[in-house]
Amino acid sequence: MKIQFVDLHAQYLTIKSEMDAAIARVIRDSAYVRGPFVDKFEQDYAALFGVPHCISCANGTDALYIAMKIMGVGPGDEVITTAHSWIATSETITQTGARVVFVDTDRDTFTIDPTLIAAMITSRTKGIIPVHLYGQAADMGPIMEIAKQHNLWVMEDCAQSHLARFQGKLTGTFGRVSTFSFYPGKNLGAYGDAGAILTSDAELARQMTCYARHGGLTKGEHVIEGINSRLDGLQAAVLNVKLPHLQKWTAARQRIAARYNELLAGVGDVITPPVAPGRDHVYHLYVIRTEKRDALMAFLKERGVPTVLNYPVALPFLKAYAYLGHKPADFPVAYSHQSRILSLPIYPEMTDEMIGYVVEQIKAFYARA
Ligand SMILES: *Cc1c(COP(=O)(O)O)cnc(C)c1O
């Protein structure tokens, strides 16, 4: 049996007729950049979260950058974020001219450890960016509390956490702003790049919209210099077809994760991904830990099971951040995770047979080793 890490085509086949018709309508109407399909997506996405404003943009990285620019982040400022994420989270801080301040993660949830945040706050700190990594909500209770005490904004990076909740409340509804990616492999994915920002702050929403459209909301008038970061009509149409299925697809991911948890319990030294009380997990990625990571990864590859490292080097240890001079002892948890984590295949269309095959190969590895 040949397993794929993610099978986007399998999902397309389940919605093919709707999808083909939706794409044809965009072409019929030449509604390529912004337009009615984009408006519909912004309205529906905001409504799903019960938040008044959704500002669509070109990708999830721009969403982070636009939000920080408009919140006034710039040279001389510091922004706190997690040591374990995709580089988009931290590179956009640097793009604004501010300095990235990393905080280590929690051993079980891979999300920022709130007990370590206060020690990193200085007079230059402007905000905190928690990431709901792999799809599990970060510990938003204490994070919001610390932010409030120190008068900092919180911006949630929800690129991996569509519909995940913290104590029953959706991720993306805690921070002053929250950002989403609809990169094709994300839990809600377009057929190209796409992103969005959510906020309840009308003035911030207006300014972010303006900045993302060359600094102007009416033709010919540019109140500031902005950037070009627009959602295109084809991507919006794709997202409009997929959005009504998101709940069902999320439940499928959770069912697959539960099946993995059950079948992998007690297998070798595998630690399945724990979920902290009060938080839920939408399993953008299903990440196990093992001391034999590299050998297991190679074995699985031979047996037709692709796995991925998300991410092989924690952010502070990337070459890009060598200038910060961090040592492993500064972020012991993120450092220890980077050589132990392994992402197994997961996507809503995965069958029990496929899950069974993946688990059998993992068992075969430990039987041999
Ligand atoms: C995917 C991702 C982003 C960036 O989104 P793009 O749409 O690829 O620009 C940001 N943060 C995290 C945690 C991500 O996983």
Side-chain angles (χ1 to χ4, degrees), residues 5-6 8 41 45 54-69 79-96 100 102-103 105-106 109-112 127-138 140 143 154-164 171-172 174-175 177-198 208 212 227-232 234-236 238-239 242 253 281-287 308-316 318 320-321 334 337-338 341 343 346-347:
F5 186 71
V6 174
L8 296 178
F41 178 70
Y45 205 64
C54 171
I55 301 100
S56 62
C57 61
N59 55 67
T61 307
D62 277 3
L64 289 156
Y65 175 72
I66 292 163
M68 275 187 275
K69 274 301 264 195
V79 176
I80 291 175
T81 194
T82 174
H84 189 155
S85 184
W86 174 239
I87 192 169
T89 313
S90 51
E91 72 185 351
T92 46
I93 296 172
T94 312
Q95 274 165 32
T96 67
V100 185
F102 292 115
V103 166
T105 50
D106 167 64
T109 64
F110 306 102
T111 57
I112 192 168
I128 307 170
I129 309 181
V131 181
H132 308 298
L133 198 76
Y134 303 155
Q136 176 161 198
M140 293 312 292
I143 293 169
V154 170
M155 174 160 83
E156 300 172 72
D157 182 340
C158 301
Q160 303 186 2
S161 74
H162 313 73
L163 299 189
T171 58
F174 288 85
V177 292
S178 59
T179 63
F180 289 82
S181 167
F182 309 114
Y183 176 81
K186 297 288 161 78
N187 287 21
L188 177 62
Y191 288 171
D193 277 314
I197 307 165
L198 294 182
M208 291 190 294
I227 61 171
N228 176 11
S229 185
R230 298 178 295 219
L231 181 62
D232 70 71
L234 286 168
Q235 302 314 332
V238 168
L239 292 169
K242 286 190 171 193
R253 287 177 182 276
H281 201 320
V282 295
Y283 299 98
H284 170 57
L285 293 164
Y286 183 88
V287 181
V308 175
L309 305 181
N310 307 92
Y311 301 90
V313 182
L315 295 173
L318 290 170
Y321 296 107
H337 282 157
Q338 66 181 28
I341 49 173
S343 307
I346 191 165
Y347 55 90

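Start at 1 and go down the list; that is how both ligands and their atoms are numbered. This chain uses plain numbering: 1 for the first residue, then up along the sequence. Predicted model, so just to flag it, every value in this text is computed and none were measured.
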### Query
With only distance considered, is D193 within less than 3.5 Å of ligand 1 through an N or O on each side?
no

### Task
Please state whether the rings of Y311 and W86 are parallel, tilted or perpendicular, taking 30° and 60° as the class boundaries.
tilted

### Query
What are the atoms of ligand 1, with element, lying closer than 4.0 Å to any heavy atom of V131?
13 (C)

### Query
Of the backbone atoms (N, CA, C, O) and the side-chain heavy atoms from C-beta on, which set of T61 has a member under 4.0 Å from an atom of ligand 1: side chain, backbone, both, or neither?
both

### Task
Might you point out which heavy atoms bring A58 and S229 nearest each other, and give the distance in Å?
N-OG, 3.0 Å

### Selection from K186, H284, Q160, H132 by shortest heavy-atom distance to atom 2 (C) of ligand 1
K186

### Task
Please write down residue, atom name and distance for the protein heavy atom closest to atom 8 (O) of ligand 1.
S181 OG, 3.9 Å

### Message
With heavy-atom distances below 4.0 Å as the criterion, list the atoms of ligand 1 near S85.
### Response
13 (C)

### Query
Which of parallel (below 30°), tilted (30 to 60°) and perpendicular (above 60°) describes Y321 and F102?
perpendicular

### Query
Going by the order shown, which atoms of ligand 1 are within less than 4.0 Å of some heavy atom of A88?
3 (C), 4 (C), 10 (C)

### Task
Measure from the side-chain N and O atoms of H284 to the backbone N and O of G135, and report whether any donor-acceptor pair falls under 3.5 Å.
no

### Query
What protein heavy atom sits nearest atom 12 (C) of ligand 1, and how far off is it?
A159 CB, 3.4 Å

### Query
Which pair of heavy atoms, one from L239 and one from A194, lies closest together, and at what distance?
CD1-CB, 4.2 Å

### Message
Between F5 and Y347 (judged by ring centroids, cut-off 6.0 Å), do the two rings come close enough to count as a pair?
### Response
no

### Query
Where is the nearest protein heavy atom to atom 11 (N) of ligand 1: which residue, which atom, and how far?
D157 OD2, 2.8 Å

### Query
Centres of the Y134 and F110 rings: under 6.0 Å?
yes

### Task
Please work out whether any backbone atom (N, CA, C, O) or any side-chain heavy atom from C-beta onward of N59 is under 4.0 Å from ligand 1, and answer side chain, backbone, both or neither.
both

### Query
Would you say W86 and ligand 1 have an N/O pair spaced under 3.5 Å apart?
no

### Query
When the ring centroid of H162 is compared with that of F180, is the distance short of 6.0 Å?
yes

### Query
Do any nitrogen or oxygen atoms of F182 come within less than 3.5 Å of a nitrogen or oxygen of ligand 1?
no

